[in-house]
Participant: 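Here's a structure for you.
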Amino acid sequence: MNYWLMKSEPDVFGIDHLQKMPKKTDHWDGVRNYQARNMMRDQMKKGDLVFFYHSNCAEPGIVGIMKVVREGYPDHTAFDPSEKYYDPKSDPDNPRWYMVDVQYQRKTKRLISLQELKGYRELEDCPLVRKGNRLSIMPISKKQWDFILKLENRKAA
DNA sequence: GCCAACGTTGGC
DNA sequence: GCCAACGTTGGC
């Protein structure tokens, strides 16, 4: 099993949105970055666990946990000209963009902020805390995953 | 709202 | 294949 972190802007699609979806499940559409695409298409497997991360907001950080419930399949929003992330170069016969389905598991006991995460040596290898990182999906090692989960029970640093 | 960092595009 | 220009991300 693998572990991941996925970013989303809470104003656009936050963890509350996911929680309110039917079956608490939604497809993670709109990713238009090849590195992230490759991970969804090739590496994310059913049952993998994912941190839900709120980005571009007052308090960026990890807010919850979700699970991959469907493996990579074509992102149909790329085919629809009325969609914000329409990409005329993505052909239904040869799709350029992929997505996975994720299901809400739970919120973390507290928001684990980026600022806090940046302070731990255990996480210095994680792309999340590196300057200029813009990857919206990234792998998290089991060690890092377990470490972050333990932070939940601490007081905010 | 600013701006640094980065990815993508397209001319050559 | 290089690289400048441009657009986007995302923290602050």
Side-chain angles (χ1 to χ4, degrees), chain A residues 2-21 26-44 48-66 68 72-102 104-141 144-145 147-152 154-157:
Chain A
N2 293 310
Y3 300 91
W4 307 91
L5 178 144
M6 292 166 108
K7 298 180 183 175
S8 186
E9 302 187 21
D11 294 343
V12 180
F13 188 83
I15 191 157
D16 290 332
H17 294 97
L18 182 63
Q19 190 177 12
K20 286 177 191 145
M21 296 297 290
D26 202 8
H27 41 253
W28 202 265
D29 62 24
V31 172
R32 298 293 179 265
N33 168 284
Y34 289 104
Q35 250 185 295
R37 187 275 313 263
N38 291 346
M39 288 187 264
M40 287 201 291
R41 188 189 58 188
D42 307 329
Q43 292 175 259
M44 297 184 81
D48 284 0
L49 292 174
V50 185
F51 284 129
F52 197 126
Y53 178 92
H54 280 174
S55 68
N56 209 8
C57 55
E59 281 192 295
I62 291 169
V63 294
I65 295 172
M66 49 193 175
V68 177
Y73 63 106
D75 180 345
H76 56 78
T77 65
F79 309 141
D80 182 350
S82 70
E83 286 282 348
K84 184 183 174 195
Y85 293 105
Y86 172 60
D87 181 357
K89 290 173 186 161
S90 187
D91 191 290
D93 294 327
N94 185 22
R96 175 182 285 202
W97 304 116
Y98 283 72
M99 58 190 180
V100 296
D101 285 357
V102 287
Y104 173 92
Q105 301 297 295
R106 65 179 179 86
K107 290 183 187 178
T108 47
K109 292 173 193 164
R110 63 184 182 88
L111 179 140
I112 306 169
S113 71
L114 175 63
Q115 193 191 14
E116 177 180 349
L117 294 170
K118 278 180 167 172
Y120 297 113
R121 290 206 58 199
E122 288 87 343
L123 302 175
E124 63 188 9
D125 291 336
C126 181
L128 182 69
V129 302
R130 288 213 282 264
K131 201 180 172 188
N133 163 63
R134 294 170 49 190
L135 254 192
S136 64
I137 300 175
M138 67 190 76
I140 300 284
S141 72
Q144 290 168 344
W145 178 274
F147 178 77
I148 293 169
L149 274 188
K150 275 190 220 148
L151 293 179
E152 248 191 321
R154 294 192 199 174
K155 285 247 194 304

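Quick note on labels: first sequence line is chain A, next is B, and so on, each numbered from 1.
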Participant: Assign a letter to each nucleotide of nucleotides 6-11 of chain C from its 5' end: B, base within under 4.0 Å of a protein heavy atom; S, sugar-phosphate only; -, no contact.
Facilitator: -BBBBB

Participant: Identify, with sequence neighbours excluded, every residue that meets side chain to side chain contact (heavy atoms under 4.5 Å, CB included) alongside A:Q35.
Facilitator: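 Side chain to side chain contact (heavy atoms under 4.5 Å, CB included) check on A:Q35 returns A:N33, A:L135.
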
Participant: Nearest nucleotide by nearest heavy atom, which residue falls closer to the 5' end of DNA chain B, A:Y34 or A:K131?
Facilitator: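 Between the two, 5'-proximity favours A:K131.
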
Participant: Throw together a table of side-chain donor-acceptor distances under 3.5 angstrom for residues 73-84 of chain A, partners on residues two or more places apart or in other chains.
Facilitator:
unit_1, atom_1, unit_2, atom_2, d
A:Y73, OH, A:D101, OD1, 2.5
A:Y73, OH, A:D101, OD2, 3.4
A:D75, OD1, A:T77, N, 2.9
A:D75, OD1, A:T77, OG1, 2.5
A:D75, OD2, A:G30, N, 2.9
A:D75, OD2, A:R32, NH1, 2.9
A:D75, OD2, A:R32, NH2, 3.4
A:D75, OD2, A:T77, OG1, 3.4
A:T77, OG1, A:R32, NH2, 3.1
A:D80, OD1, A:S82, N, 2.8
A:D80, OD1, A:S82, OG, 2.8
A:D80, OD2, A:S82, OG, 3.2

Participant: A:Y104: what forms a ring pair (Phe, Tyr, Trp, His ring centres under 6.0 Å) with it, not counting sequence neighbours?
Facilitator: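 Testing A:Y104 for ring pair (Phe, Tyr, Trp, His ring centres under 6.0 Å), a comparison that skips the adjacent residues, returns none.
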
Participant: Checking A:N38 now: which residues fulfil side chain to side chain contact (heavy atoms under 4.5 Å, CB included) with it, not counting sequence neighbours?
Facilitator: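 Per chain and number, A:N38 pairs via side chain to side chain contact (heavy atoms under 4.5 Å, CB included) with A:R41, A:D42.
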
Participant: May I have the list of side-chain donor-acceptor pairs in residues 49-56 of chain A shorter than 3.5 Å, sequence neighbours left out?
Facilitator:
unit_1, atom_1, unit_2, atom_2, d
A:H54, NE2, A:I15, N, 3.1
A:N56, ND2, A:E9, OE2, 3.3

